[in-house]
Amino acid sequence: MLEQLRTYMEKQNLDGFFVQNHENVRYISGYTSDDAYLLITRGRQFLITDPRYTEHAQAECPDYTILNWRGAAPNVGEYAAQLAEQEGLKAVGFEKDLLTVKFHEALCTAPHTEWIGTEGVIEEFRSVKTPEEIEKLKVACDIASRAFERIIRDIRVGVTEKELASRLSHYMVMEGSDTKPYGNILISGARTSLLHGIPSSKAVEYGDFVLMDYGCQYKGYLSDMTRTVVVGKASAKQREVYELEQKMVAACEEQMKAGNSGRMVYEASTAVIQDTEYFPYHYTGIGHGIGLFVHEIPFMGPKHETPFKVNQVITVEPGIYIPGWGGVRIEDQVLIQENGCVNLVSATKELIEL
Ligand SMILES: [Mn+2]
């Protein structure tokens, strides 16, 4: 991971790279806590943090020089500028999509260093997972699938969305996930048409769809899955929409293999509903890469042409959302292989009537 970055630096004639993105810091250094920055040079690696985290960083990153910026400079940017000057760095890459103007000004106080804006460099490395990362992602998906088996026993008339969302989080931690909270989407009834609805005090009613879009972290790696169930007997329309959704997901997953693109998957999903009254109710964002962060490259939708690579992990989540009536989403998380994909989410996709 560090080697990938050094190879990139060499190719781009950079003698330093400043890393600020939280997940990128973790990916490159293995540091799992907060408020840390990396300055990587051709031969050395520095982790800059403050006294709250120095001991933690020392233990997790033995190959790094751990530095405390507090007291030595008015802010991290000026500290990094001093360090770049001290190391004699001439051209240092930074993540231009993250830095504030103030931070950039602080970096630019280094008299002999040029700061070169880059975008998506480490994100690109992160998009293809190592066997160790895949293992952690599998465990995260497995924890979420086991939590699904538990939460469906709690769904009944009268229980609120908030209460169910909180229980779902609890089940995931009890099944072995990291404790870091993850915002569950757990919504019911007509509210299920809200793509990113927030759990409310609404109580579940007979005949409601309950849509659960959630996941957890395991050793930093994320799962993301969605299942939609019916409380009581599904109506004819609920069944019709659910069955179309199942077909959309299946059509998508058939396209999930190396060389195909997000656009191809999108087209496969819409082909299923093209000639139905539900076509206007689909959403174009139908999946995303996932790893240390929940939404990362590659993304899937009509404008995403980049071919998938072996060992990318991507969510598949087409959906049908009818305002005022409700929506159905099923989301899997799949591992891209040469000729197909492996679904890491084991929870059933059959219609569940509770
Ligand atoms: Mn998702």
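Both counts, for ligands and for their atoms, begin at 1 and track the order of listing. Just so it is clear, the structure is predicted and the values come from calculations on it, not from any experiment. Basis for what follows: all heavy atoms, side chains included, without hydrogens, waters or symmetry-related copies.
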So the salt bridge (charged side-chain N to carboxylate O under 4.0 Å, His left out) pairs with at least one residue in residues 79-89 (sequence neighbours excluded) are Arg44-Glu87

Kindly work out whether a path of hydrophobic side-chain contacts (I/L/V/M/F/W/Y, heavy atoms less than 4.5 Å apart) joins Met300 to Tyr266.
-> yes

The atom name of the N, O or S atom in Glu331 nearest to the Mn ion (ligand 1) is OE2

Between Tyr53 (side chain) and Ala36 (backbone), is there a donor-acceptor pair under 3.5 Å?
-> no

Any N/O/S of His288 under 2.8 Å from the Mn ion (ligand 1)?
-> yes

Main-chain N/O of Arg153 paired with Arg156 side-chain donor or acceptor, under 3.5 Å = yes

OD2 (Asp224) to the Mn ion (ligand 1) to OE2 (Glu317), nearest 10°, is 150°

